[in-house]
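To start, the structure itself, in structure tokens.
Residue numbers begin at 1 in each chain, while the letters A, B, ... track the order of the sequences. From a predicted model like this one, the values you see are computed outputs, not experimental measurements.
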Amino acid sequence: VLLKSTAGVTLSNPNITVHVVVTSVPVDVTVNPHQHIEQLIREALRKAEQGASDIAGWELKTVGGDLLAPGERISDRVSNGDKLFLNKNAGGGGACR
Amino acid sequence: VSLVDPAISRRKLDRELDAFAAQAEDYRRRGYVVVGRDDLNVDVAFFAHVPAVPAPLPIVSVCVRLDFTNYDLWPPSLTFIDVITGTPIQPHVAAINYADPPGPDGVRPNVVVNGHRRYNGRPFYCQRGVREYHDHDEHDGDDWLLYRSDGLGELASLCQRIWQRMAQNVAGLQFQSLLAPPPIDAVLPQTLIVQVDRDMMRADLMNQLQAQGAAHAQTEVQGGSQLPGFRR
């Protein structure tokens with residue numbers, strides 16, 4: 001994406017837009033790829049009006065099911081136009097008899 | 001017991017099915033498809049590829065019926081069914097998340113538990129967002145209403161979790177024969193579905209490839225390879 005400054009200088013815009021399905025609500029999120037996945041999760045929750053300031057327990061996954069950790073850099077795992085799925089982790093279970 | 005007007009539950013389910021349909025292409029690529037709907041019941045089949053000739057063979061690793069009665073005052077109820085007959089069955093695969101830490105016994109929990117006291121002893125999916133979990137007396141301190149707003153009972157959320165635990169980790173089939181003792185005295189063939197930690201499998205393969213690459217590089221540095229056509 002190219003931007004033109006008021007001085008007529010063309011600048012490149014590093015931001016990317018990804019499609020995030022928050023539980024079942026699709027939102028488009030534009031982020032700087034140099035930020036961490038954590039910022040992408042926060043922005044997706046905000047846009048989906050989940051109102052969750054705490055991202056603990058939320059899991060961001062690719063279409064293939066790979067988990068994107070909050071501490072990873074966005075540019076290392078995500079490209080412009082990718083689709084991702086954000087769901088609340090249901091925790092363990094299975095211990096009852 | 002009718003606590004929620006079925007028309008309200010139906011409308012909520014319609015909304016979730018519409019949201020599911022909007023992503024249906026990706027869900028199908030993952031391997032799960034809605035195969036039926038009868039009022040407040042939705043059947044979802046989860047497919048996995050297993051090695052076969054001439055191409056990987058898609059199999060149904062598990063099929064579930066989700067009952068949205070009294071939704072979402074209650075979470076959906078989950079029953080494992082035969083995809084063809086629709087009758088309840090024991091699932092053929094375990095529900096394991098390899099990202100979960102192993103328990104004290106070194107084994108990762110299988111959230112399919114046999115014998116729910118309230119539901120005629122049938123196997124159930126023991127995880128938040130599923131009615132059988134919250135109805136179980138061992139979880140009466142973990143009320144569904146604490147999680148209702150998190151979307152844990154939504155169709156899309158449930159399907160993703162079931163897929164990751166019961167279909168995505170399917171790697172193949174294993175065949176074995178058992179000799180039944182007299183008076184049966186017969187060979188009993190069995191087919192088992194093999195589940196693996198895909199991340200660990202991928203890491204192992206990458207390590208092997210890297211080791212092979214390093215061995216080739218070492219050979220080259222030491223003065224040439226035995227491989228034909230390999231130039232110094």
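Heavy-atom distances place both the backbone and the side chain of Val63(A) under 4.5 Å from chain B.
Arg118(B) CZ: 12 or fewer foreign heavy atoms inside a 6.0 Å radius. Within a 6.0 Å sphere centred on CG of Leu205(B), heavy atoms belonging to other residues, nucleotides or ligands number more than 12. Heavy atoms from other residues, nucleotides or ligands lying under 6.0 Å from NE2 of His92(B) number 12 at most. Few gaps surround CG on Asp143(B); more than 12 heavy atoms of other groups in view lie less than 6.0 Å from it.
Applying a 4.5 Å heavy-atom cutoff, none of the residues of residues 38-74 of chain B approach chain A. Inspection of non-hydrogen atoms places Ser149(B), Asp150(B), Gly151(B), Leu152(B), Glu154(B), Ala156(B), Ser157(B), Gln160(B), Arg161(B) of residues 149-162 of chain B under 4.5 Å from chain A. Of all residues in residues 11-30 of chain B, those placing a non-hydrogen atom less than 4.5 angstrom from a non-hydrogen atom of chain A are Ala19(B), Gln23(B), Asp26(B), Tyr27(B), Arg29(B), Arg30(B).
Checked against ring pair (Phe, Tyr, Trp, His ring centres under 6.0 Å), His134(B) has the following partners two or more places apart in sequence or in another chain: Trp144(B).
Atoms CG and CD, on Asp66(A) and Gln168(B) in that order, are 7.0 Å from each other to the nearest 0.5 Å.
Gly65(A) and Gln164(B) get closest at one heavy-atom pair: O-NE2, 3.0 Å.
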